[in-house]
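For reference, the structure discussed in these notes is given below.
As the structure lists them, so they are numbered: ligands from 1, and atoms in each ligand from 1.
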Amino acid sequence: MSQPTIESVLQEKRLFYPPQTLAQKAQVKSMADYQALYDKATADPQAFWAELAEQELHWFKKWDQVLDWQPPFAKWFVGGKLNISYNCLDRHLTTWRRHKAALIWEGEPGDSRTLTYAQLHREVCQVANALKSLGIKKGDRVGLYMPMVPEAAIAMLACARIGAPHTVVFGGFSAEALKDRLNDAEAKLVITADGGFRKDKTIALKAAVDAALEDNGVPSVKNVLVVQRTKQDVSMEAGRDHWWHELQAEASADCPAEEMDAEDVLFILYTSGTTGKPKGVVHTIGGYNLYTHMTLKWAFDLKDTDIYWCTADVGWITGHSYIVYGPLSNGATSLMYEGVPRPSNPGCFWDMVEKYGVNIFYTAPTAIRTFLKMGDEIPKARDLSSLRLLGTVGEPINPEAWMWYHHVIGGGECPIVDTWWQTETGGFMITPLPGAIPTKPGSATKPFPGILADVVDIDGNPVGANEGGYLVIKHPWPGMMRTVYGDDDRFRRTYWEHIPPQNGQYVYFAGDGARKDEDGYFWVMGRVDDVISVSGHRLGTMEIESALVSHPAVAEAAVVGRKDEIKGEDVFAFVTLEDTHSPSDELKQALKQHVVAEIGAIARPGEIRFAEALPKTRSGKIIRRFLRNLASGEDLVGDASTMEDQSVLDKLREG
Ligand code: WTA
């Protein structure tokens with residue numbers, strides 16, 4: 001099983017010390033250094049962050065107040081003025097980095113581009129002016145629905161430059177999902193491409209945008225800006241749709257960065273929760289800039305000579321924080337790759353490492369498990385000796401995958417930086433600092449300096465060593481989300497009220513279960529709510545259920561995660577049908593397709609099981625615990641006596 005069990009992690013005693021050569025040159029060189037930083041940050045978090053903000057970022061105007069904390073609402077660097085696009089671009093232009101590669105990009109078909117900081121700055125300025133020419137002003141929301149091309153990063157930075165919050169929607173989401181998100185954010189403009197290359201196919205992005213906007217589907221959207229990527233046929237609506245390259249060519253390259261308030265919104269990124277529609281996670285400029293900058297710098301021990309590669313898509317938080325903003329703010333070289341490993345090219349990641357001499361490589365456990373399964377020959381046929389550090393994110397990594405990553409990819413010499421964090425946290429929260437903290441396979445190790453993480457019971461009391469509990473954060477941090485877009489109340493309920501505030505002390509509830517071992521190492525055990533992770537993509541089971549019940553054949557649906565060796569979890573749906581329909585394979589296929597149309601291919605159920613009834617409590621609540629057990633072929637855990645009708649379970653088991 002891919003998810004670590006409590007028993008397996010308790011038995012995991014292996015400890016890997018930082019390689020001496022790495023530690024000597026690291027920014028944080030020893031456990032004592034880490035502890036000193038951690039203690040300093042804990043003693044006075046505001047002074048700690050203020051010192052770093054002053055040292056690491058450019059401010060047009062310094063803040064008046066470091067933190068204004070009106071639980072659960074935080075404001076950082078109140079009164080400060082900055083622009084993250086300035087910090088990512090302009091300030092490097094007066095240094096030798098002007099001609100350093102900011103982005104190195106390779107497309108899926110093998111085409112490539114390198115943009116120096118000077119070139120990236122120029123293009124961002126042009127596109128920022130193009131946005132202005134389409135009437136976009138400070139505060140207007142701009143939707144992005146893009147393939148993994150440099151224009152995605154350019155668009156984000158152009159929005160940031162003129163103070164227009166962006167909302168990036170992953171290109172794998174369907175037109176329907178795109179429409180919901182654009183409407184919630186009331187986006188005024190959409191930036192997209194004709195299409196993108198994915199797994200030897202092209203995906204029609206512009207057509208999906210057209211479908212989302214059809215029949216005035218998103219009334220707020222006035223214009224669409226289209227990058228030409230695949231050169232496939234698209235329809236361009238006169239007056240509404242514009243080619244990126246045409247507007248860019250006409251635009252001036254002079255566009256000073258807008259002086260933004262530290263607490264102005266930088267972006268809204270939708271993510272799945274337990275209930276209802278995906279929520280718009282709001283991040284603001286100052287705190288997010290500082291937090292992504294510092295976490296990348298220390299956790300990946302960034303050097304100016306590094307080629308750094310994060311394999312995520314810019315449509316997710318990992319792409320926002322650690323392909324675009326964190327690396328560029330640090331003046332690093334960030335590699336962007338449009339391709340993903342596919343049967344026709346299973347070694348493409350290692351080809352990239354060899355070709356570009358990648359030093360820091362950051363990916364997800366699901367990718368690592370896929371590679372492990374494909375065999376050692378593929379990576380061993382490439383020169384991976386440039387690698388210095390290996391990162392992982394998205395779900396708990398099983399010790400077997402960790403060990404393989406360490407030995408086969410890292411040659412036994414690269415520390416594994418297992419970063420626990422979330423869309424909501426903006427950046428890494430629990431992570432090794434690789435020159436300082438010895439690692440244990442499967443543990444994200446210790447909290448980042450300034451992060452007061454703990455494991456507590458449902459009343460908020462800390463649990464003992466190796467006892468399971470809820471992962472919480474006990475003090476605000478600069479990169480934290482500020483609210484759910486347009487729904488402060490949902491923000492409060494979802495994150496701050498599960499664990500009751502004690503003596504007015506609010507704690508952030510992450511939604512993950514965890515334990516802390518006798519050395520204070522954190523072991524994240526996975527979600528405790530109805531959020532599942534399919535190949536590292538975060539999905540709410542509720543969303544998939546709503547998609548299913550919107551099909552005329554479906555009466556009721558219950559979706560759970562089934563453990564999957566490669567994907568971590570897979571979508572498993574139990575469905576009861578309306579009397580007018582009867583079970584068939586065709587209907588199963590039709591329902592799967594319906595979910596793809598409603599949400600996107602990432603949510604396609606791996607299995608649908610038709611049922612006469614679902615297990616419910618006497619008060620009518622579906623007992624998901626049993627469904628999870630059934631889906632994974634496990635024995636039922638828990639008491640079935642509260643069930644309304646015991647025979648339901650037997651029938652479900654028979655399928
Ligand atoms: C899970 C991704 C264990 C966790 C950055 C969290 C992890 C959710 C790890 C957030 C890790 C992320 N170990 N679990 N290193 N990293 N997770 O918002 O359940 O897409 O709550 O952010 O992924 O997913 P999200």
**Study point:** Identity and separation of the nearest protein heavy atom to atom 13 (N) of ligand 1
**Key:** Glu395 O, 3.4 Å
**Study point:** Lys NZ or Arg CZ of Arg515 over Phe522 ring: under 6.0 Å, within 45°
**Key:** no
Review point. Against heavy atoms of Val524, which atoms of ligand 1 measure under 4.0 Å?
Key: 3 (C), 14 (N)
Review point. Nearest heavy atom to atom 4 (C) of ligand 1: which of Ile397, Thr425, Asp512 does it belong to?
Key: Asp512
Check your understanding: Looking at Ile317, which atoms of ligand 1 are within less than 4.0 Å of one of its heavy atoms?
Key -> 5 (C), 22 (O)
**Study point:** Proximal ligand 1 atoms for Val393, defined as those under 4.0 Å from one of its heavy atoms
**Key:** 5 (C), 16 (N)
**Study point:** Asp489/Arg493 ion pair, N-O < 4.0 Å
**Key:** yes
Check your understanding: Does Arg369 come within less than 4.0 Å of Glu565, counting only side-chain N to carboxylate O?
Key -> no
Study note, to complete from the structure: Thr423 heavy atoms within 4.0 Å reach ligand 1 at atoms 18 (O), 20 (O), 22 (O), 25 (P)
Check your understanding: Less than 4.0 Å between a side-chain N and a carboxylate O, is that true for Glu338 and Arg198?
Key -> no
Check your understanding: Under 6.0 Å between the ring centres of Trp421 and Phe448?
Key -> no
Exercise for review: Find all atoms of ligand 1 within a distance of less than 4.0 Å from any non-hydrogen atom belonging to Arg538, and give their numbers and elements.
Suggested key: 10 (C), 18 (O), 20 (O), 24 (O), 25 (P)
**Study point:** Atom indices of ligand 1, in the order listed, that fall short of 4.0 Å to a heavy atom of Thr318
**Key:** 5 (C)
Check your understanding: Purely on distance, is any nitrogen or oxygen of Thr392 under 3.5 Å from one on ligand 1?
Key -> no
Practice item. Specify the protein heavy atom at minimum distance from atom 1 (C) of ligand 1: its residue, its atom name, and the distance to 0.1 Å. Key: Gly394 O, 3.2 Å
**Study point:** Numbered atoms of ligand 1 (with element) below 4.0 Å of Pro396, judged on heavy atoms
**Key:** 3 (C), 13 (N), 14 (N)
**Study point:** Electrostatic pair Asp184-Lys277, nearest N-O below 4.0 angstrom
**Key:** no
**Study point:** Trace of the side chain to side chain donor-acceptor pair (under 3.5 Å) decision for Ser272 with Glu543
**Key:** CA-CA 8 Å; Ser272 298; Glu543 284 166 72; 2.5 Å; yes
Review point. What residues form a side-chain contact (heavy atoms from CB on, under 4.5 Å) with Lys75, not counting sequence neighbours?
Key: Asp68, Val78, Glu263
Review point. Does ligand 1 have any atom that is closer than 4.0 Å to a heavy atom of Trp421?
Key: yes
